[in-house]
Amino acid sequence: NEFRRQCAARRAPAYEHLRRTLQHAIENGEAAPGQALPGERELGKLLELSRVTVRKAIAGLVADGLLVQRQGAGTFVAERIVKSFSKLTSFTDDLRARGLDPKSVFLERGTGEVTPDEAMALNLSPGAQVVRYYRLRVANGQALALERTVVPQSVLSDPALVENSLYEAFARLGLRPTRALQRLRAIAFDAEQARLMQLAEGSPGLFIERRTFLDDGRVVEYTRSFYRGDAYDFVAELQSE
Ligand code: 16G
């Protein structure tokens with residue numbers, strides 16, 4: 001058949017060729033994120049390949065993070081979000097760019113006196129007032145992150161100014177963040193976080209801490225984000241020194 005002929009022409013083992021074909025289909029969007037793959041047997045029949053070959057190709061793509069296998073449900077195209085580690089974009093920006101509909105579920109929202117840690121991160125004096133948010137970040141019904149944000153009250157006078165997006169609130173107030181410092185580390189979601197995210201306790205996550213500055217040097221946010229480890233790829237362009 002055509003598939004076998006192509007394999008032979010490229011001198012690649014059949015599983016390697018199938019793996020590349022599937023990878024290509026995922027990259028150019030023919031196989032959409034979340035889409036289910038036909039079963040191994042069905043796929044094998046369709047392409048006249050052995051089940052072993054199909055299984056080997058799929059295992060490779062699972063290892064690469066392009067496919068995910070769910071017990072009893074089958075194999076799906078992974079729904080990973082590729083996010084720049086060097087651009088000052090918001091959760092809302094990132095998801096809208098993928099045609100998704102991002103939302104904030106407020107778990108906590110209020111004002112209070114700055115803690116010593118927060119004062120250090122925000123360059124505030126002890127006793128200063130801050131606005132705090134604890135949000136579950138959702139897109140198309142899926143929880144993708146938990147975020148704790150602290151903003152000086154001198155920047156956001158009222159917590160209600162943030163409806164869905166923090167950065168949209170900044171823009172409405174004429175504030176233009178121009179720079180941020182960011183730190184990333186691997187974490188495991190604890191029981192409480194896992195419950196909120198509807199994940200198993202101990203699931204892998206990415207902890208990202210961001211301090212964002214205005215042109216005049218004022219810090220406008222200190223955010224601690226917990227992103228799903230299985231949902232995000234962080235990419236950055238590196239330049240030689
Ligand atoms: C992103 C930022 C976070 C920021 C939020 C604002 C990372 C790692 N973190 O999640 O610091 O507070 O976006 O999003 O990118 P929003 O404007 O949708 O509220």
Side-chain angles (χ1 to χ4, degrees), residues 81 83-95 102-138 143-194 196-197 203-229 231-238:
I81 296 161
K83 177 173 167 60
S84 168
F85 199 66
S86 55
K87 288 205 179 99
L88 187 41
T89 58
S90 70
F91 180 85
T92 301
D93 296 332
D94 296 340
L95 286 138
K103 291 264 156 60
S104 289
V105 177
F106 287 88
L107 304 169
E108 291 166 27
R109 166 165 33 188
T111 55
E113 196 172 296
V114 75
T115 66
D117 281 356
E118 292 166 350
M120 191 105 92
L122 291 168
N123 287 339
L124 292 177
S125 315
Q129 288 293 117
V130 290
V131 176
R132 292 195 191 91
Y133 302 100
Y134 187 30
R135 291 182 291 166
L136 183 67
R137 309 304 311 264
V138 180
L144 293 171
L146 281 166
E147 295 195 301
R148 279 192 189 279
T149 296
V150 193
V151 179
Q153 201 165 19
S154 55
V155 172
L156 277 185
S157 56
D158 182 346
L161 286 168
V162 176
E163 288 156 21
N164 243 315
S165 161
L166 175 69
Y167 284 22
E168 276 178 12
F170 286 157
R172 274 201 304 276
L173 294 167
L175 300 168
R176 288 189 12 95
T178 51
R179 191 174 78 89
L181 293 174
Q182 206 164 250
R183 173 195 298 263
L184 173 144
R185 87 169 80 97
I187 54 116
F189 283 102
D190 67 25
E192 170 66 2
Q193 292 172 324
L196 293 167
M197 298 279 290
S203 294
L206 297 162
F207 169 75
I208 305 136
E209 191 180 63
R210 186 187 281 191
R211 296 169 63 216
T212 305
F213 301 82
L214 298 179
D215 243 352
D216 63 12
R218 269 186 297 160
V219 189
V220 285
E221 75 165 321
Y222 170 45
T223 294
R224 281 156 293 169
S225 307
F226 299 83
Y227 276 62
R228 275 183 79 129
Y232 279 89
D233 277 6
F234 279 86
V235 296
E237 185 181 324
L238 306 182

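A quick note: this is a predicted structure, and the numbers were derived from the prediction, not measured.
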>> Less than 4.5 Å apart, side chain to side chain, heavy atoms only: is that true for Lys83 and Asp233?
In response: no
> Is there side-chain contact between Arg132 and Thr115, with heavy atoms separated by less than 4.5 Å?
Replying inline: yes
> What is the minimum heavy-atom distance between Tyr167 and Ser90, and which atoms define it?
Replying inline: CD2-CB, 3.5 Å
> How long is the gap from CZ on Phe106 to CD on Glu108, to the nearest 0.5 Å?
Replying inline: 12.0 Å
>> Show, in sequence, the C-alpha distance, side-chain angles and deciding distance for Glu209 and Thr223, and conclude whether the side chain to side chain contact (heavy atoms under 4.5 Å, CB included) test is met.
In response: CA-CA 6 Å; Glu209 191 180 63; Thr223 294; over 6 Å; no
> For the residue pair Ala236 and Phe85, what are the closest heavy atoms and their distance?
Replying inline: CB-CB, 4.2 Å
>> Leu124 vs Glu118, test: side chain to side chain contact (heavy atoms under 4.5 Å, CB included). Steps then yes/no.
In response: CA-CA 8 Å; Leu124 292 177; Glu118 292 166 350; over 6 Å; no
> Under the 3.5 angstrom rule, does the side chain of Asp190 hit a backbone N or O of Gln193 as a donor-acceptor pair?
Replying inline: yes
> Would you say Leu196 and Leu107 make side-chain contact, with heavy atoms under 4.5 Å?
Replying inline: yes
> Which value, rounded to the nearest 0.5 Å, describes the distance between Phe226 atom CZ and Phe189 atom CZ?
Replying inline: 8.0 Å
> Can you tell me how far the OH atom of Tyr227 sits from the CE atom of Met197, to the nearest 0.5 Å?
Replying inline: 10.5 Å
> Should Ile187 and Leu206 count as side-chain neighbours, where that means a heavy-atom distance under 4.5 Å?
Replying inline: no
> For the residue pair Pro126 and Val114, what are the closest heavy atoms and their distance?
Replying inline: CA-CG1, 4.4 Å
> Which value, rounded to the nearest 0.5 Å, describes the distance between Phe234 atom CZ and Leu184 atom CG?
Replying inline: 6.0 Å
>> Between Thr149 and Glu147, is the side chain to side chain donor-acceptor pair (under 3.5 Å) condition met? List the steps.
In response: CA-CA 6 Å; Thr149 296; Glu147 295 195 301; 5.4 Å; no
>> Within the structure provided, determine whether Leu88 and Arg210 are in side-chain contact (heavy-atom separation under 4.5 Å).
In response: yes
>> Using a 6.0 Å distance limit plus a 45 degree cone around the ring axis, check whether Arg109 lies over the aromatic ring of Tyr133.
In response: no
> Looking only at heavy atoms, which two atoms of Val138 and Phe91 are closest? And how far apart?
Replying inline: O-CE2, 3.9 Å
> Less than 4.5 Å apart, any side-chain heavy atom of Thr212 and any of Val219?
Replying inline: no
>> Nearest 0.5 angstrom please: Leu144 CG to Asp94 CG, how far?
In response: 10.5 Å
> Say you draw a straight line from OG of Ser225 to CZ of Arg148; how long is it, rounded to the nearest 0.5 Å?
Replying inline: 11.5 Å
> Can you check side chain to side chain contact (heavy atoms under 4.5 Å, CB included) on Leu122 and Glu221, steps first, answer last?
Replying inline: CA-CA 7 Å; Leu122 291 168; Glu221 75 165 321; 5.7 Å; no
> Do Arg137 and Leu146 pass the side chain to side chain contact (heavy atoms under 4.5 Å, CB included) test, and can you show the C-alpha distance, the side-chain angles, and the key distance before you say yes or no?
Replying inline: CA-CA 6 Å; Arg137 309 304 311 264; Leu146 281 166; over 6 Å; no
> Val131 and Leu156: which non-hydrogen atoms are nearest, and at how many Å?
Replying inline: CG2-O, 3.2 Å
>> Does Gln129 form a side chain to side chain donor-acceptor pair (under 3.5 Å) with Thr111? I'd like the steps, not just the answer.
In response: CA-CA 7 Å; Gln129 288 293 117; Thr111 55; 4.7 Å; no
>> Is there a side-chain contact between Thr92 and Asn164 in this structure, where contact means two heavy atoms from C-beta onward sitting under 4.5 Å apart?
In response: no
>> In the structure I gave you, are the side-chain heavy atoms of Pro177 and Phe170 within less than 4.5 Å of one another anywhere?
In response: yes
